Structures are given as C-alpha cells and as structure tokens.
Novice: 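So that we are looking at the same thing, I have put the structure below in structure tokens.
What's counted below: heavy atoms across the whole structure, side chains too, no hydrogens, waters or symmetry copies. The model shown is predicted, which means the values in this text are computed figures rather than measured ones. All residue numbers refer to positions in the sequence shown, counting from 1.
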Amino acid sequence: MILGNGVNLKIHKKNLSIIKVGILGLGSIAKRHLDYLKRKSFQIEIYYLNFQNTKYNNSFLKNNFHGIFYNPKNIKKNFFDVIFICTPSSKHISDYLSLQKFSKNFFIEKPLSLNNRDHKRIRKFNNFYVAYVLNHKKIINAALVYLNLKKEFITKVDIICNSYLPNWRPKTNYKSGHTYNSELSGGILFELSHEFEYAYNLFGNYQLKKHSFISTNKIGKIIDKTKITCFSKKYNYEINFNLSLVSKKNVRICKVFFKNQLLLID
C-alpha cells in the first residue's frame with residue numbers, strides 16, 4: 001500500500017480485496033489523509049473511530065466514511081489493515097497502545113511522543129510508521145546520495161525553517177489549535193520536528209551543544225523561536241537549527257558548508 005510522498009506501508013494479507021482503514025482524530029491532517037485515501041484506485045473501506053462521541057456534521061461523516069465505531073468493544077481483533085492516529089501529540093502513545101489488538105499496521109502523525117518515558121513504552125514494537133514525510137522527498141534522497149560521499153569534508157550545517165503560525169490554517173483560529181497549546185503538541189520543537197528528523201537522516205547521529213528559546217509575544221505567550229546548536233558525533237562539525245513560527249516569509253532550507261563549496265537544499 002503506497003501512501004503519500006512514497007511511504008510504503010506493507011500490509012500482509014492473502015487475497016486482499018478490500019483494505020479496511022480506521023482513522024482516529026478528525027483534524028486538518030486527518031482530513032488530508034482521508035481525501036488522499038478516497039482517491040486511491042484500490043477498494044477501500046474507511047471507518048471513523050469516534051470513541052469520544054464527538055459531534056460532527058452528519059452529512060460529512062455519511063459521505064466520507066463506510067462506518068463509525070463509537071466503542072472499541074465493538075471492533076474485532078485485527079479488523080483493520082491499518083489505523084491512522086491523528087490525535088494531538090500528547091495522546092499518540094496511549095492511543096497507539098490502546099488500539100494494538102485491532103490492527104497490525106499503524107500510521108502515527110508526528111511527533112511520536114513528547115517525552116522519553118513514552119518512547120520507552122513502545123520500543124519493543126515495530127508495526128508503526130511516524131509521518132516524517134520530508135524524508136521521502138526526492139530532493140532529500142538526492143542530497144543523501146551526494147552527502148554519503150562527502151560527509152567527512154563538511155565544516156558546518158545551517159538548517160532554517162521559518163513560517164507564520166496564524167497562516168497555517170486560515171479558516172480557523174490558531175489559538176484554538178493544538179500547535180498553540182504546548183501541553184498537546186509541545187510547541188515549536190515538536191511542530192517543526194521534521195528538521196531534526198531529516199537532519200538525522202542526512203548527517204547521522206548528533207548531540208546537543210547549546211540552545212535558546214525565545215518568546216516574542218507576536219502571536220501570544222508561547223515559545224515561537226528557537227536556536228539550537230548540535231554537533232555531529234562522528235565528524236564533530238556543528239549543525240545549527242534556526243526555527244521560527246513568527247516569520248512572515250516562509251523559508252525551509254538546509255545549507256551544507258564545505259571548505260570550498262556550499263550545498264543548498266531548498
């Protein structure tokens with residue numbers, strides 16, 4: 001089963017005719033997954049897991065889902081071929097663990113969790129994919145091939161991701177979303193965690209050296225800017241992260257410095 005951006009979720013089932021998908025959570029990202037899945041050519045039944053009995057537009061639910069489960073007790077073991085977990089980040093681990101017996105495959109929105117304690121709870125499992133989709137972009141894969149030949153010659157890396165949070169979802173008040181609530185999503189570090197993930201993919205393991213968190217109060221009383229310096233554990237060059245949720249100009253670039261060369265990944 002091929003998902004967006006080249007993600008291949010392996011579903012092992014003999015004579016697979018209809019793929020049964022469950023979706024937990026119904027925010028903007030869940031609706032994007034829903035729209036994508038509905039456009040696939042294979043036969044698919046999509047179910048909404050409404051365990052909180054949240055009130056939604058009945059016509060929307062009727063037009064987009066094959067069925068709705070209000071109680072997990074009504075779901076048979078391994079009923080689903082894959083379950084998408086699209087709840088706030090703070091609930092990802094607990095939701096995943098509570099749904100284990102209903103599927104052998106899980107697609108979990110990033111980040112996986114907000115702390116090491118929860119990470120330790122699921123280290124023995126390997127049946128989930130976390131949605132760090134930038135790793136599947138052609139430009140990242142091309143850069144990885146190039147850098148694998150030249151990693152020892154790197155002198156410094158600058159990673160920049162600037163955006164403006166109020167523009168992320170123009171039709172909704174950003175202060176009501178989980179991005180604004182550090183207890184739900186962890187704020188800027190977790191919302192922009194794609195940068196940390198693809199840096200690991202490109203440059204290998206790295207370690208924190210120093211950091212600073214900045215609250216500008218431009219969009220409310222949250223940490224909206226951060227500067228973090230790490231260093232490559234193998235080659236000892238600096239990897240600098242400069243992240244912002246208050247920049248009116250959208251920028252997502254990675255600058256890789258060599259002695260006589262600059263590689264720009266835009």
Novice: Around Gln52, counting heavy atoms of other residues, nucleotides and ligands shown, do more than 12 lie under 6.0 Å from its CD?
Specialist: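 No, not enclosed.
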
Novice: For Tyr132 and Ser193, which I'm curious about, is there any donor-acceptor pair between the side chains at under 3.5 Å?
Specialist: yes

Novice: Take Leu189 and Ile228, measure what side-chain contact (heavy atoms from CB on, under 4.5 Å) needs, and give me the verdict at the end.
Specialist: CA-CA 10 Å; Leu189 284 182; Ile228 298 172; 3.6 Å; yes

Novice: Can you say whether the rings of Tyr129 and His136 are parallel (under 30°), tilted (30 to 60°) or perpendicular (over 60°)?
Specialist: tilted

Novice: Mind checking whether Leu37 and Ile44 have side chains closer than 4.5 Å, heavy atoms only?
Specialist: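 Yes. Closest side-chain heavy atoms under 4.5 Å.
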
Novice: Is it true that Asn127 and Tyr96 share a donor-acceptor pair across their side chains at a distance under 3.5 Å?
Specialist: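 The answer is yes; a qualifying pair exists.
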
Novice: Do we see a donor-acceptor contact under 3.5 Å between the side chains of Lys38 and Asn64?
Specialist: yes

Novice: Given Phe241 and Thr226, is the side-chain contact (heavy atoms from CB on, under 4.5 Å) satisfied, shown in steps?
Specialist: CA-CA 8 Å; Phe241 297 87; Thr226 184; over 6 Å; no

Novice: Restricting to ring-ring contact (aromatic ring centres under 6.0 Å, His included), what partner residues turn up for His119, sequence neighbours left out?
Specialist: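 Counting only residues at least two positions away or on another chain, His119 forms no ring-ring contact (aromatic ring centres under 6.0 Å, His included).
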
Novice: Looking at Phe84, Phe65, Phe102, Phe79, which hits ring-ring contact (aromatic ring centres under 6.0 Å, His included) with Tyr47?
Specialist: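 The ring-ring contact (aromatic ring centres under 6.0 Å, His included) with Tyr47 is passed solely by Phe79 among Phe84, Phe65, Phe102, Phe79.
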
Novice: Is the charged tip of Lys20 near the ring of Phe80: under 6.0 Å from the six-membered ring centre and within 45° of its axis?
Specialist: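 Pair Lys20/Phe80 does not count as cation-pi.
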
Novice: Tell me the closest heavy-atom pair linking Leu114 and Pro111, and the distance in Å.
Specialist: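 Smallest interatomic distance, heavy atoms only, reads CD2-CG, 4.1 Å.
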
Novice: Please report, to 0.1 Å, the donor-acceptor pairs under 3.5 Å made by any side chain of residues 202-217, with sequence neighbours excluded.
Specialist:
from   : atom 1 : to     : atom 2 : distance (Å)
Tyr206 : OH     : Phe196 : O      : 2.8
Lys209 : NZ     : Glu238 : OE2    : 3.3
Ser215 : OG     : Ile222 : O      : 3.3
Thr216 : OG1    : Lys218 : N      : 3.2
Thr216 : OG1    : Asp224 : OD1    : 3.2
Thr216 : OG1    : Asp224 : OD2    : 2.8

Novice: Under a 4.0 Å threshold between the charged nitrogen and the carboxylate oxygen, would Lys156 count as salt-bridged to Asp158?
Specialist: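 Salt bridge flag = yes for Lys156 with Asp158.
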
